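I have placed the structure first, in the form of structure tokens, so that the comments after it can refer back to it.
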There are 2 protein chains.
Amino acid sequence: MQKIATHAAGHHRASLKKLHDLDAALELMYYGWRGMTLEADAYLAKQGLSRPHHRILYVVARRPDIAIGSLIEILGISKQALNRPLNLLLERKLLTSKRSPEQHRSKLLRLTDAGRRIEQKASDHERKVLREAFDRVGTPGAAAWMAVMETIADNN
Amino acid sequence: MQKIATHAAGHHRASLKKLHDLDAALELMYYGWRGMTLEADAYLAKQGLSRPHHRILYVVARRPDIAIGSLIEILGISKQALNRPLNLLLERKLLTSKRSPEQHRSKLLRLTDAGRRIEQKASDHERKVLREAFDRVGTPGAAAWMAVMETIADNN
DNA sequence: CGTCTCATGTCAACTATGTTGACTTGAGGA
DNA sequence: TCCTCAAGTCAACATAGTTGACATGAGACG
């Protein structure tokens, strides 16, 4: 048997010497991302799904009747990379695809009820973590967090 | 030839309908992580390295003479997963390992000058992005960001 | 009609990052 | 000496992504 880690990685957050004043922030970004997705990933794994499946469900939920080409653009991956997770979701009937009446060239994707349920539960896990953190710092703190993240996100 | 995406994924940040009030924050966490690591990843790729190598260098820089077992714990991956990137760093002489005089069981890891240089440059790219964002919101905003992220990071 | 374009779909080969399981090695305690 | 246990290695596999090459089927246009 493998040795089982007795502590989650996050418990070591404070264990590194800080060489620069922004090291703490840098590590927080890393562990923050992990912290937000931890429970959602565990839930998805129970369903036999993972992060890429969730990303697909998330986007389709917010863009019903999206074509595959647009989905590829938004996710920022190749169509070959999209292929396998997408087909799994179709097989499992979490998504439906149909040709549009006029635009026969593109398939339009939609969530089924089951797909919507899974998307909601997975995203709820992530939103719950955010909500708790925002509650702790109040509205101005949450707004500051958003402002910082927007600047960082637009760095490209 | 593959179709080349004309826009980075981040440019689609606003293109999804928001189903919940926290959807924007959820997406910001995703694109924020990407935004912070984008330039560092590009720099690392030029050196023939990637994120896991950087993580190793980052930790060893802040814990000189760390043993492999502790490194595994901090990184939160299996020793087998650590093996390949670690050996690459040793081969490329970015890290050195030596047995300690008394504790012969464990190897102690240290950065070489070359390793330190790469670690610094890669981390500098990430800190630069953070610094610009913090500058924009001022000290109180930065503190709020840290407070939010700490709560999220400790969610495990 | 034929041909060209374009979105979609699929196959193959590859890379990278991770996993488990099975094993070796070597120090130190009973 | 023998046993244990941490550290480390090797092999097989899963997942998520990449490029390249090619097939299919509808629409547009001559």
Side-chain angles (χ1 to χ4, degrees), chain A residues 1-6 9 30 33-34 37-38 41-42 44-45 47-57 60 65-91 95-109, chain B residues 1-6 8-9 30 34 37-38 41-42 44-57 65-92 95 97-109:
Chain A
M1 245 254 282
Q2 285 287 94
K3 181 187 177 183
I4 289 157
T6 45
Y30 181 77
W33 169 249
R34 300 272 273 219
T37 55
L38 208 70
D41 284 346
L44 288 163
Q47 316 297 318
L49 302 174
S50 55
R51 188 129 299 282
H53 303 108
H54 184 200
R55 268 187 281 151
I56 295 170
L57 295 175
V60 176
D65 286 333
I66 191 174
I68 292 189
S70 316
L71 189 52
I72 285 166
E73 253 189 85
I74 293 178
L75 295 176
I77 61 176
S78 63
K79 67 180 170 184
Q80 295 91 331
L82 179 64
N83 195 36
R84 266 182 289 197
L86 181 61
N87 280 334
L88 179 66
L89 295 174
L90 290 167
E91 273 167 36
L95 283 183
T96 58
S97 81
K98 59 165 185 221
R99 303 276 176 180
S100 74
E102 71 288 345
Q103 259 295 83
H104 258 261
R105 291 209 219 183
S106 26
K107 274 189 185 175
L108 306 184
L109 301 172
Chain B
M1 244 252 282
Q2 286 285 95
K3 182 184 177 185
I4 289 156
T6 45
Y30 181 79
R34 300 273 272 221
T37 55
L38 209 71
D41 284 346
L44 289 162
K46 266 197 319 195
Q47 315 298 318
L49 301 174
S50 55
R51 188 128 301 279
H53 303 108
H54 184 201
R55 269 186 281 152
I56 295 170
L57 295 174
D65 286 333
I66 191 174
I68 293 190
S70 316
L71 189 52
I72 285 166
E73 254 188 85
I74 293 179
L75 295 176
I77 60 175
S78 64
K79 64 184 170 179
Q80 296 92 332
L82 180 63
N83 195 35
R84 267 180 290 196
L86 181 60
N87 281 334
L88 179 67
L89 295 174
L90 290 168
E91 274 168 34
R92 300 256 309 254
L95 282 184
S97 82
K98 59 167 186 220
R99 302 278 176 181
S100 74
E102 70 289 345
Q103 259 296 82
H104 257 263
R105 290 209 219 182
S106 31
K107 276 187 185 174
L108 305 184
L109 301 172

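Naming convention: chains lettered A, B, ... in sequence-line order (proteins, then strands); numbering from 1 in each chain. Note that these values count all heavy atoms, side chains included, but never hydrogens, waters or copies made by symmetry. Just so you know, these numbers come straight off a predicted model, no measurement behind them.
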Distance in angstrom units between A:L44 CG and D:dA16 C1', rounded: 15 Å
Students often get this wrong, so: under 4.0 angstrom with heavy atoms, is A:A67 touching a base, only sugar-phosphate, or nothing? sugar-phosphate
What distance do B:L86 atom CG and B:E91 atom CD have between them, rounded to the nearest 0.5 Å? 10.5 Å
Excluding sequence neighbours, so at least two apart, what forms side chain to side chain donor-acceptor pair (under 3.5 Å) with A:S50? A:H53
What is the distance from CG of B:N83 to P of C:dT24, rounded to the nearest Å? 17 Å
Tell me: CG of A:L75 to C1' of D:dT18, nearest whole Å? 16 Å
Whole Å only: how far is the CG atom of B:N87 from the C1' atom of D:dA11? 15 Å
Given side chains that start at C-beta, do those of A:L89 and A:L109 come closer than 4.5 Å, heavy atoms only? no
Can you check the B:L71 CG to D:dG8 C1' distance for me, whole Å? 13 Å
Determine the minimum heavy-atom distance between B:L108 and B:D65, stating which atoms define it. CD2-O, 3.4 Å
Measure all distances between protein nitrogen or oxygen atoms and nitrogen or oxygen atoms of nucleotides 16-19 of chain C, and list the pairs falling under 3.5 Å.
unit_1: C:dT17; atom_1: OP1; unit_2: B:S50; atom_2: OG; d: 2.2
unit_1: C:dT17; atom_1: OP2; unit_2: B:S50; atom_2: OG; d: 3.3
unit_1: C:dG18; atom_1: OP1; unit_2: B:R55; atom_2: NH2; d: 2.8
unit_1: C:dG18; atom_1: O6; unit_2: B:R84; atom_2: NH2; d: 2.9
unit_1: C:dT19; atom_1: OP2; unit_2: B:S78; atom_2: N; d: 2.9
unit_1: C:dT19; atom_1: OP2; unit_2: B:S78; atom_2: OG; d: 2.7

Between C1' of D:dG8 and CG of B:L90, the distance in whole Å: 13 Å
Should A:H54 and A:L49 count as side-chain neighbours, where that means a heavy-atom distance under 4.5 Å? no
Spatial distance of atom CG (B:L75) from atom CD1 (B:I68) [nearest 0.5 Å]: 11.0 Å
In this structure, how many angstroms lie between the C1' atom of D:dA16 and the CD1 atom of A:I72, rounded? 15 Å
Separation of A:I68 atom CD1 from C:dA7 atom P, in whole Å? 12 Å
